[in-house]
Amino acid sequence: AVKQIRDSMNDQERHQLLTYLDIIRESHCPYIVQYHGFYVTEGDVWIFMESMRESLDMTAALLKSLSLRFPEDVLGTVAMATVNGLHYLKKELQVVHRDVKPSNILLGHDGSIKVCDFGVSKTMVQTMMNTNVGCERYLPPERLDPTTSRTPYDITSDVWAYGITLVELAELAYPYPGAPFKRTMAIISKPPPTVARTMFEVMYTDSFLDICATCLQKDPRKRPKYDMPPQDLPGANTLMDHPFIKSHSAEDITLQWARMHAWRTKLDAAAKQSKSSPVLSMAAAQNDDQATISASGIGGGGGDETGAP
């Protein structure tokens, strides 16, 4: 797969990007999309990366069109792989992703789940940056509230976005609908979103509901970091040690990828069956607009990261 980035960077920013790409090319984490190299032309940077099947917002759109829901074991693999990928970036490469969302989590042809699109990731040097980088829809309350938005950017902002992502995948809908101003005010002033325990005959456990609530604490001091407990709750679990993550980290990754691949294959079969059934086709057609919108958002913009046709 190839991603094209329009080169509007200054010399320092370009040097930082190319240095970062050199670093990430040498990394070997099974939970992040592998980068194979880059090529610079006048006005463009071309980045060559691992080919993946689709982004999870596309998978969610397909499920919604079929009146289905992500099974919890699938979300468990997604949650485990994503947090491990984000933790690797932070711990090994000193990189904060800053744009965690369903379209930046990819499903591989082999069933693997990997984090992608570091176009807005920032290499952390001596201090954290104060800027709000990333999609406004996934920024936490403290980044949007004018009274707190100038506080240093912290990894707990990515933890909030991770929680919103899990809720969105479980509910098959972004939890803060509406116009941008209304959405921003809801994020700042309303209680955090929750997940319905049962929908489309799929039931979620207390453990999954708890990890969503844990990540979506409105006070960032009560959110865990990947390998550190919340600032105001020193005896609590780190995110990596949350029971939901640990339960899905015990199984061999090869088996998890194989199960994901088998599940996605069955989903293709269900989609084909729905097209051959007039009743199911009518239900699926009601969601065509949403599917089209989601399908256009692979990798968060700026090129097709999946390499899918």
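Side chains are part of it too, since the values below use all heavy atoms of this structure and drop only hydrogens, waters and symmetry mates. Residue numbers start at 1 and run along the sequence shown. These numbers were taken from a predicted model, which means no experiment stands behind them.
- Between D73 and R259, at least one side-chain N (NZ, or NE/NH1/NH2) sits under 4.0 Å from a carboxylate O, which counts as a salt bridge.
- Looking at Q231, its side chain never comes within 3.5 Å of a backbone N or O of R221 through a donor-acceptor pair.
- A donor-acceptor pair is defined here as one N or O able to donate and one able to accept, closer than 3.5 Å; no such pair exists between the side chain of Y88 and the backbone of P30.
- The salt bridge (charged side-chain N to carboxylate O under 4.0 Å, His left out) check on E92 picks up nothing, with sequence neighbours excluded.
- Under a 3.5 Å cut-off, the side chain of R223 and the backbone N or O of T156 do form a donor-acceptor pair.
- Residues passing the salt bridge (charged side-chain N to carboxylate O under 4.0 Å, His left out) test with D241: none are found, sequence neighbours excluded.
- Contact check on R53 versus D110 returns no salt bridge, with no Lys/Arg side-chain nitrogen under 4.0 Å from an Asp/Glu carboxylate oxygen.
- A salt bridge between E168 and K101 is absent, with no side-chain N of the basic residue lying under 4.0 Å from a carboxylate O of the acidic one.
- K218 places a side-chain N or O within donor-acceptor distance of the main-chain N or O of I187, the cut-off being under 3.5 Å.
- Using a cut-off of 4.0 Å between Lys/Arg side-chain N and Asp/Glu carboxylate O, R143 and E136 are scored as not salt-bridged.
- Checked against a 6.0 Å centroid threshold, the rings of Y174 and Y138 count as neighbours.
- Here D252 pairs with nothing under the salt bridge (charged side-chain N to carboxylate O under 4.0 Å, His left out) rule; sequence neighbours left out.
- With H97 contributing its side chain and L89 its backbone, the two residues share no donor-acceptor pair below 3.5 Å.
- Remark: side-chain polar atoms of Q256 are paired, donor with acceptor, to backbone N or O of H248 under 3.5 angstrom.
- M228 and V96 fall into different hydrophobic clusters, defined by Ile, Leu, Val, Met, Phe, Trp and Tyr side-chain heavy atoms under 4.5 Å apart, directly or through other members.
- Remark: side-chain polar atoms of N84 are not paired, donor with acceptor, to backbone N or O of Y31 under 3.5 angstrom.
- Between D268 and R264, at least one side-chain nitrogen of the basic residue sits less than 4.0 Å from a carboxylate oxygen of the acidic one, meeting the salt-bridge criterion.
- A donor-acceptor distance shorter than 3.5 angstrom exists from the side chain of N104 to the backbone of D99, with no hydrogens or angles considered.
- Taken together through direct or relayed side-chain contacts under 4.5 Å among Ile, Leu, Val, Met, Phe, Trp and Tyr, F70 and M203 form parts of separate hydrophobic clusters.
- Using a 4.5 Å heavy-atom threshold, the side chains of M52 and E54 count as separate.
- In terms of heavy atoms, P192 sits closest to Y176 at CA-OH, 3.8 Å.
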